[in-house]
Amino acid sequence: MNLSVTNSPFNEEQATQLNQIIQNLTPEQQTWLSGYLTANQQAVANGSAPTPQVAEYVLNNEPQANSDRHITILYGSETGNAQGLGEIFADRLVEHNYTVKLSSMDDFKPKDLKKVEDLFVISSTHGEGDPPDNALSFHEFLHGRKAPKLEGVRFSVLALGDESYEFFCQTGKDFDKRLEELGGERIIDRQDCDIDYDDLAEKWMNANIEKLNSSSGIQQQTVTSTETVASAKEKRYSKANPYRAEVLENINLNGRGSNKEVRHVELLLDNYGEEYEPGDCLVVIPENDPEIVTLLIDTLKFDETEEIAINEDGDTLPLRKALTEHFEITKLTKPLLQKAADLIGNTQLSEKVQDADWVHTYIDGRDLVDLFTDFPSETFKAENLHQLLRKLPPREYSIASSYKANPDEVHITVGAVRYHAHGRDRSGVCSVQLAERVQPGDTIPIYLKKNPNFKFPTDETPVIMIGPGTGVAPFRAYMQEREELGLESKTWLFFGEQHFTTDFLYQTEWQEWLKDDVLTKLDLAFSRDTDEKVYVQHRIAEHSATFYEWLMNGAALYVCGDEKQMAKDVHQTIRYVLEQEGGMSETEAEAYLTEMKKEKRYQRDVY
Ligand SMILES: Cc1cc2nc3c(=O)[nH]c(=O)nc-3n(C[C@H](O)[C@H](O)[C@H](O)COP(=O)(O)OP(=O)(O)OC[C@H]3O[C@@H](n4cnc5c(N)ncnc54)[C@H](O)[C@@H]3O)c2cc1C
Ligand SMILES: Cc1cc2nc3c(=O)[nH]c(=O)nc-3n(C[C@H](O)[C@H](O)[C@H](O)COP(=O)(O)O)c2cc1C
C-alpha cells in the first residue's frame with residue numbers, strides 16, 4: 001500500500017519520501033523499523049530519555065523460519081560490548097532463517113521466561129564480579145524463588161570479562177550455573193572471554209548455529225558467516241583498524257601544587273566519517289613505557305631485535321616492538337601466574353601458585369619485571385612470551401566534547417595514574433603515555449565507541465549530573481551540546497575534587513554555563529579544603545529536599561567516575577534521600593532506583 005495525504009497523517013512531500021524508503025526495505029528491516037518507532041514512542045510517553053538503540057525487537061517473524069522453536073537472546077551490558085555481540089548474533093541467526101527475539105535483560109519481562117524455548121545469554125561482568133546494571137534485576141529474579149523451572153529450555157551462555165579481575169566472567173558463570181539448576185539443557189558449553197573477545201565470540205556463535213541447524217535437521221557441516229565479528233565491527237574504525245588522530249592540545253588542568261594531574265587532550269577527527277554523541281567513549285590504543293620495556297628486556301636478558309612469535313598464527317614482531325605495542329607487561333593476573341608456573345620452570349613459583357591467597361597478594365601492584373626478578377628462569381625463551389602474555393588492552397575514555405560543537409575534534413579528560421609499590425614508582429600505561437610522551441602534533445591510534453547505556457535527553461527532562469574528578473568529562477560534552485542545540489531544560493551538576501584552587505576541572509567553563517543558564521545549579525565538594533572531608537554525596541544529602549523534588553519532577557540521574565567508592569556512596573545517598581524525603585522504606589527506595597534504571601532515568605558510566 002502506498003502512503004498518501006488521504007490515507008496517512010503525512011503531507012505530500014513526506015508521503016513521497018516515506019514511500020521511497022519503505023519500498024526499498026526488506027521485510028526484516030520493516031519489522032525492525034516498526035519496533036524501533038514503537039520503542040521510541042514509548043520512551044517519549046514515559047518521559048524517559050530517548051535511546052538511540054532499540055531495546056527489544058523481533059527479527060524474521062516469518063512463516064518459513066528454520067525451526068518451530070523460538071530463539072531469545074538476552075544481553076547484559078554496561079558499555080555496549082555484550083549488546084553489540086547480541087546484535088551481531090541476532091543478525092546471524094536471521095541470516096540462517098531463525099526467528100529471533102533480542103532484548104536487553106532489563107527490558108525482558110521475567111514472566112516471559114516460561115515461554116522461552118532456546119535462550120542465548122550474553123553478559124559482561126562489572127564491579128567486583130557483579131552483573132552490569134541492566135542485568136541486575138533479571139539476575140536477581142533468576143536466582144530467586146520465583147524463577148520458573150526451565151525443563152525443555154535449551155540455553156547457551158557467552159560471558160564477557162577481563163582476566164585481570166578476581167571474579168573473571170562471574171556473571172556469565174552465574175547465569176550458566178543457574179539455568180542448568182532450573183532444568184535447562186546446555187546447547188554448548190559456556191564460553192568465557194577476556195578483553196580480546198572477537199575470535200571466541202565468533203566460534204561460540206558458529207558452534208551454536210551448527211547445533212541449532214543439526215537439531216532442526218538442516219544438513220550443514222560447518223557454519224561460516226559472510227561477516228565475522230571482527231569484520232562486522234571493522235566497518236568502522238576499530239582496534240584492528242584504528243584511526244590515527246593528531247593531538248591538537250594536551251594540557252594539565254590542575255594548578256601548581258595539586259596532588260593530581262588530569263590532562264585535557266584534544267584530538268583532530270578530520271574525515272573520520274562517523275559522529276559521536278555525549279556519553280560515547282573514545283578508545284585509545286596505548287603503548288608501554290619504553291623504560292619498562294628496557295627494564296624487562298634487561299631482566300630477561302633477551303635480544304631486543306630478535307623476531308618473536310606474537311600469537312599461534314605465526315605472526316611475528318621484533319621483541320622490543322612486541323613488548324611496546326602488542327603485549328600487556330605491567331599487570332599480573334591469576335591465569336598469567338598459573339601459565340608462568342608451567343612455562344618458567346621455577347619450582348618455588350610452581351609451589352606458591354597452589355596457594356590462592358599468596359597469588360591474590362602477589363599480583364597486587366607487581367608487574368612482569370617483578371615476576372622474572374623474583375622467579376628467574378633458565379629455560380624461558382623470548383618465543384614463549386606469546387604463551388604467557390595477553391594483548392595490551394585498549395583504554396576507554398568518556399568523551400568530553402560535543403561533536404555538534406566541535407565536528408572535527410574529540411576531547412578527553414585523563415587522570416594520570418601514578419603510584420609507588422614494592423619499592424618502585426609505577427605508572428598507568430595509557431594515562432601516563434598521554435601525560436608524558438604525547439605532544440601536540442603527534443598522532444595516536446584511536447577509535448570511537450558508542451555507549452548506548454549513557455545517553456542524555458534532548459527534551460524537557462531535567463538532568464542531574466554527578467561527576468567528581470574525571471567523571472565530569474561527559475557532562476562537559478552534554479553542556480556543549482545543550483548550548484549548540486539551545487536546550488532549555490533544567491540541569492544540576494555535582495562536582496568534587498581535592499582542592500578548589502588547583503583541582504576545579506574546567507572551572508571557567510562551568511561558571512560561564514551557570515551564568516548563561518545552560519547549567520541551572522552547581523554544587524561543589526572539595527574534600528581537602530575543610531577539616532572534615534566533604535564529597536559529592538554529602539552535598540546531595542545537604543540538598544535532599546530539592547534533590548527529591550527534582551526526581552519527582554521526572555529528573556534523569558547521571559553518575560560518572562570512580563566505581564569502587566564514589567558510585568556506591570552516591571547510590572546509597574540517593575536511596576537515603578528517597579527514604580527521608582519520600583517516606584519510602586529501604587526496599588521501596590531501592591525498587592524506585594531499579595525502576596529508574598529500567599526507564600533509563602538512572603544511568604552510570606563508572607570505572
Ligand atoms: C567506560 C569507561 C570510561 C572511562 N572514562 C575515563 C575518563 O574519562 N577519564 C579517565 O581518566 N579514565 C577513564 N576511564 C579509565 C581508563 O580507561 C583507564 O582505565 C585509566 O586511564 C587507567 O589506565 P592506564 O593505562 O593509565 O593504567 P593501567 O596501566 O591500566 O593501570 C591502572 C591499574 O594500576 C593498578 N593500580 C593503580 N593504583 C594502584 C595502587 N596504588 N596500588 C596498586 N595497584 C594500583 C590497578 O590495577 C589499576 O587498575 C574509563 C574507563 C571506562 C571503562
Ligand atoms: C569498572 C569495571 C569493572 C569490571 N569488573 C569485572 C569483573 O569483576 N570481572 C570480569 O571478568 N570483568 C570485569 N570487567 C570487564 C568487563 O566485563 C569487560 O570489559 C566487558 O567486555 C564489558 O562488556 P560490556 O560493554 O557489555 O559491559 C569490568 C570492567 C569495568 C569497566
Side-chain angles (χ1 to χ4, degrees), residues 75-86 104 122-135 158-173 192-198 201 260-265 279-289 292 328-333 363-367 392-400 411-422 425-436 449-454 467 469-477 505 560-564 567 604-607:
Y75 59 81
S77 182
E78 191 114 350
T79 50
N81 294 343
Q83 176 170 346
L85 289 175
S104 105
I122 305 181
S123 182
S124 62
T125 297
H126 277 262
E128 299 292 332
D130 304 321
D133 275 356
N134 68 4
L158 180 64
L160 300 193
D162 178 340
E163 275 191 354
S164 68
Y165 284 89
E166 180 165 6
F167 301 103
F168 176 54
C169 287
Q170 189 56 48
T171 304
K173 290 176 184 168
D192 295 341
C193 303
D194 196 9
I195 297 278
D196 200 29
Y197 54 76
D198 287 356
K260 301 278 184 86
E261 182 179 353
V262 177
R263 311 295 301 191
H264 172 73
V265 182
D280 288 344
C281 284
L282 182 85
V283 188
V284 177
I285 297 173
E287 287 187 4
N288 286 309
D289 182 346
I292 293 290
E328 179 171 71
I329 59 171
T330 52
K331 210 170 258 180
L332 299 180
T333 63
I363 59 180
D364 184 33
R366 287 193 171 84
D367 62 14
L392 181 56
R395 306 301 201 256
E396 297 182 11
Y397 293 95
S398 317
I399 292 177
H411 305 173
I412 51 174
T413 313
V414 181
V417 174
R418 294 190 181 93
Y419 57 99
H420 188 86
H422 311 291
D425 286 335
R426 317 213 172 213
S427 305
V429 173
C430 189
S431 59
V432 172
Q433 180 193 356
L434 291 171
E436 294 180 359
K449 184 177 168 204
K450 298 270 167 225
N451 185 352
N453 298 318
F454 205 73
T470 54
V472 82
F475 304 135
R476 179 180 186 262
L505 307 181
C560 182
D562 171 65
E563 194 210 23
K564 285 198 177 67
R604 305 192 311 165
D605 172 16
V606 291
Y607 43 87

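Just follow the structure's listing: the first ligand is 1, and inside any ligand the first atom is 1.
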What's the verdict on salt bridge (charged side-chain N to carboxylate O under 4.0 Å, His left out) for R263 and E436, showing C-alpha distance, side-chain angles and the deciding distance?
CA-CA 10 Å; R263 311 295 301 191; E436 294 180 359; over 6 Å; no
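- Listed by chain and number, S77, E78, T79, G80, N81, A82, S124, T125, H126, G127, E128, G129, L160, G161, D162, Y165, F167, F168, C169, E563, V606, Y607 each place a non-hydrogen atom less than 4.0 angstrom from ligand 2.
- In this structure, ligand 1 sits under 4.0 Å from heavy atoms belonging to T79, C281, K331, D364, G365, R395, E396, Y397, S398, T413, V414, G415, V417, Y419, G428, V429, C430, S431, T470, D605, Y607.
- Side-chain atoms of T470 and Y607 include a donor-acceptor pair closer than 3.5 Å.
- Tested against Y397 for a side chain to side chain contact (heavy atoms under 4.5 Å, CB included), the candidates V265, V283, T413, V414 yield a single pass: V414.
- Between A473 and S398, the shortest heavy-atom contact is CB-O, 3.7 Å.
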R426 and D367: CA distance, side-chain angles, deciding distance, salt bridge (charged side-chain N to carboxylate O under 4.0 Å, His left out) verdict:
CA-CA 9 Å; R426 317 213 172 213; D367 62 14; 3.7 Å; yes
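- Partners of E163 according to the salt bridge (Lys or Arg N to Asp or Glu O under 4.0 Å) rule, which considers only residues two or more places apart in sequence or in another chain, do not exist here.
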List the steps and the verdict of side-chain contact (heavy atoms from CB on, under 4.5 Å) for V262 and L505.
CA-CA 8 Å; V262 177; L505 307 181; 4.1 Å; yes
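- For D605, there are no salt bridge (Lys or Arg N to Asp or Glu O under 4.0 Å) partners, not counting sequence neighbours.
- Ring geometry, H411 versus H264: the interplanar angle exceeds 60°, so the pair is classed perpendicular (tilted spans 30 to 60°).
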